[in-house]
**Student:** 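I have a structure I would like to understand better, so I am pasting it below and will then ask my questions one at a time.
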Amino acid sequence: MWRAAGFALGFAPALVSDRALFKTVEAVETFVEEHYGEQIGPLKVHGRCPQLVALLEHCCADEVHHKEDAARRAGAHESLLERAWMAVVRFGSAVAAEAARRV
């Protein structure tokens, strides 16, 4: 199920345009960055698992790089339709992450 959803999320926008694909990547990576922050923040506040925090921060930085690269390639202007699509992608990513926690 996850592979099919991930494939569709990349394939469908790529059929539309490079820009649609880049906006989708930007939206997914924005969610991922926020998700990492939700994991890193409490660990740092409580001074727990410093090696894990360092690893998570490293991984998050990589995702932020992907987000920024996609945003740069897509360009700054976002249409209303693009903003709506990005919101749907972020919401879907949040739903998928919550479902994964429960499995």
Side-chain angles (χ1 to χ4, degrees):
M1 178 175 94
W2 300 116
R3 284 188 178 157
F7 178 79
L9 192 59
F11 184 70
L15 289 175
V16 174
S17 68
D18 288 350
R19 182 175 169 81
L21 177 61
F22 293 138
K23 287 305 201 183
T24 301
V25 170
E26 182 182 357
V28 169
E29 299 298 12
T30 297
F31 167 77
V32 171
E33 178 184 14
E34 293 167 357
H35 185 67
Y36 269 118
E38 291 169 0
Q39 311 310 308
I40 293 167
L43 291 171
K44 286 182 96 169
V45 166
H46 298 292
R48 298 181 61 199
C49 307
Q51 290 176 323
L52 177 59
V53 168
L55 175 62
L56 293 174
E57 288 176 330
H58 174 78
C59 292
C60 184
D62 189 50
E63 302 301 334
V64 169
H65 172 72
H66 296 156
K67 177 187 80 170
E68 291 171 349
D69 182 53
R72 179 185 55 77
R73 290 172 184 248
H77 175 69
E78 290 177 354
S79 70
L80 181 59
L81 181 60
E82 288 170 335
R83 286 193 300 270
W85 171 246
M86 291 174 74
V88 167
V89 170
R90 285 191 304 267
F91 177 75
S93 297
V95 168
E98 184 59 32
R101 272 189 269 249
R102 296 173 187 265
V103 173

**Student:** Scan residues 26-52 for pairs that pass ring pair (Phe, Tyr, Trp, His ring centres under 6.0 Å), counting only residues two or more places apart or in two chains.
**Tutor:**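 Matches after skipping sequence neighbours: Phe31-His35.
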
**Student:** Closest approach of Thr24 and Val89, non-hydrogen atoms and distance?
**Tutor:**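 Closest pair (atom of Thr24, atom of Val89, distance): O-CG1, 4.1 Å.
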
**Student:** Are Asp18 and Arg73 close enough that some pair of their side-chain heavy atoms sits under 4.5 Å apart?
**Tutor:**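 Asp18 vs Arg73: side chains apart.
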
**Student:** Can you get from Val64 to Phe22 by hopping between Ile, Leu, Val, Met, Phe, Trp and Tyr side chains that sit under 4.5 Å apart?
**Tutor:**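 Per the 4.5 Å side-chain linkage, Val64 and Phe22 are not co-clustered.
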
**Student:** If you take all heavy atoms of Cys60 and Ile40, which pair is closest and at what distance?
**Tutor:**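 So the two residues come closest at CB-CD1, 4.4 Å.
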
**Student:** Does a side-chain heavy-atom distance below 4.5 Å link Val32 with Glu29?
**Tutor:**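 Counting from C-beta outward, Val32 and Glu29 do come under 4.5 Å.
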
**Student:** Would you say Glu26 and Glu82 make side-chain contact, with heavy atoms under 4.5 Å?
**Tutor:**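 Side chain of Glu26 against side chain of Glu82, heavy atoms only: no contact under 4.5 Å found.
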
**Student:** What's the shortest heavy-atom distance between Pro13 and Ala8, and which atoms?
**Tutor:**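 Result for this residue pair: CD-O, 3.8 Å.
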
**Student:** Just verifying a value: how many Å separate Leu81 CG and Met86 CE, rounded to the nearest 0.5 Å?
**Tutor:**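 Taking CG in Leu81 and CE in Met86, the distance rounds to 12.0 Å.
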
**Student:** Can you name the closest pair of heavy atoms from His66 and Val25 and give their distance?
**Tutor:**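 So the minimum-distance heavy-atom pair works out to O-CG1, 4.2 Å.
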
**Student:** So which atom in Pro42 and which in Glu38 form the shortest heavy-atom distance, rounded to 0.1 Å?
**Tutor:**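 Closest approach of Pro42 to Glu38, heavy atoms only: CD-O, 3.1 Å.
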
**Student:** Scan the side chains in residues 95-103 for donor-acceptor partners under 3.5 Å anywhere in the protein, sequence neighbours excluded, and list what turns up.
**Tutor:**
| from | atom 1 | to | atom 2 | distance (Å) |
| --- | --- | --- | --- | --- |
| Glu98 | OE1 | Arg101 | NE | 3.1 |
| Glu98 | OE1 | Arg101 | NH2 | 3.3 |
| Glu98 | OE2 | Arg102 | NE | 2.9 |
| Glu98 | OE2 | Arg102 | NH2 | 3.0 |

**Student:** Measure the spacing between CD of Gln39 and SG of Cys59 and express it to the nearest 0.5 Å.
**Tutor:**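 Answer rounded to 0.5 Å: 12.5 Å.
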
**Student:** Show the nearest heavy-atom pair for residues Arg48 and Val53, with the distance to one decimal.
**Tutor:**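 That closest heavy-atom pairing would be O-CG2, 3.6 Å.
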
**Student:** Do Arg83 side-chain atoms and Glu78 backbone N/O form a donor-acceptor pair below 3.5 Å?
**Tutor:**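 Yes; judged by distance alone, with no hydrogens or angles, the pair exists.
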
**Student:** State, with a plain yes or no, whether a side-chain heavy atom of Glu63 is found less than 4.5 Å away from one of Glu33.
**Tutor:**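 Not touching, per the 4.5 Å side-chain cut-off.
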
